[in-house]
Peer 1: 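If you scroll down you'll find the structure; I have some questions about it.
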Amino acid sequence: MKLIVAKKAGFCYGVKKAVELAEKTYAENSEPIYSIGPLIHNRFEVQRLSKIGIKPVSSVNKVKKGTIIIRTHGIPRKHVSEAKKKKLNIIDATCPFVKRVQHLVKELSKKNFYVLIIGEKEHPEVKSLISYAEKPVKIIESINEIRGLSDGKKIAVVSQTTQSLEKFNHIIKGIKSKYKNAKIFNTICTAALERQEEAEKIAREVDVVLIIGGRNSANTARLVDICKKHTITYHIESAEEINDRWFDNVHSIGILAGASTPKWIIDAVISHMKGKDWLWKI
Ligand code: SF4
């Protein structure tokens, strides 16, 4: 049996920084701090953080005083203003890659571009991006939505940072055929791209892939989509979900993890797999 563990499995730069910042802030204040929405998209890590005093709340309204931390995906601007009005201490853990897109949306919109955001309407990052626009923007989830746009618009395009490159390129092709002068900004972050590339490479090599990550994690979902095209793929949140029957007649397994999956969960999955003696006799 061959086991390949992705080199890029687990926390990306932005998530690592957010978790470290939250822990450091808590250690220095010894008072609960609140993240507006989950700090990252992994419920087990959010639970761990909550136990040590970093608590997710659904909105700024729920916090009377103290410190809030802005999560990696950012939050809508009006929530930041509300926090300022309440004189809350604000720690900004928005990932720099997300900040760059927020800034782009703001500037392009100021310059009268009709900004198209390739992304998921309900994703917190996209909701935050919309709030930076000074004029209406449009979220594009599929190429079909391009067809309904009127001609003659001054178009600029950005992407949710965790979009799949394949989908981005597909939609861009459609946009370019309709708007020759559209300004295109590929804002998919390096961490997401590297993980997508590695996922494809591993999925082509193995019989089965296990992808560890939150079911609410967009970048994990991308890895699942990519791997499914090449091999049998199971999306798990923890080792407890692993079913031995998945490995009947299997000779190679790949283990990947989304950018918000902590090392302790990845290690638990690896040791769970290594503990299966029967597998290693194959
Ligand atoms: S996936 Fe990319 S954009 Fe999202 S937190 Fe990580 S580095 Fe930042």
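Both counts, for ligands and for their atoms, begin at 1 and track the order of listing.
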Peer 1: Give a yes-or-no answer on whether the side chains of Ser128 and Gln102 include a donor-acceptor pair shorter than 3.5 Å.
Peer 2: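 Per modelled atom types, Ser128 and Gln102 side chains form a pair under 3.5 Å.
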Peer 1: Atom 2 (Fe) of ligand 1 and Cys12: any N/O/S contact shorter than 2.8 Å?
Peer 2: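 Short answer: no, not a single N, O or S atom is under the cut-off.
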Peer 1: State whether Asp92 and Lys99 are salt-bridged, where the test is any N-O pair (Lys NZ or Arg NE/NH1/NH2 against Asp/Glu carboxylate O) under 4.0 Å.
Peer 2: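 Salt bridge present between Asp92 and Lys99.
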Peer 1: If you group Ile, Leu, Val, Met, Phe, Trp and Tyr by side-chain heavy-atom gaps below 4.5 Å, do Ile211 and Trp264 land in one group?
Peer 2: no
Peer 1: Would you say atom 8 (Fe) of ligand 1 has Cys189 as a near neighbour, meaning an N/O/S atom of that residue under 2.8 Å away?
Peer 2: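 For Cys189, the answer is no, given that no N, O or S atom comes within less than 2.8 Å of atom 8 (Fe) of ligand 1.
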Peer 1: Quick one: nearest non-hydrogen protein atom to atom 3 (S) of ligand 1, plus distance?
Peer 2: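 Closest protein heavy atom to atom 3 (S) of ligand 1: Thr161 OG1, 3.4 Å.
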Peer 1: Apply side-chain contact (heavy atoms from CB on, under 4.5 Å) to the pair Leu116 and Leu149, showing each step before the final yes or no.
Peer 2: CA-CA 10 Å; Leu116 307 182; Leu149 292 176; 3.9 Å; yes
Peer 1: Give the residue, atom name and distance (to 0.1 Å) of the protein heavy atom nearest atom 8 (Fe) of ligand 1.
Peer 2: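 Checking every protein heavy atom, the shortest distance to atom 8 (Fe) of ligand 1 gives Cys95 SG, 2.3 Å.
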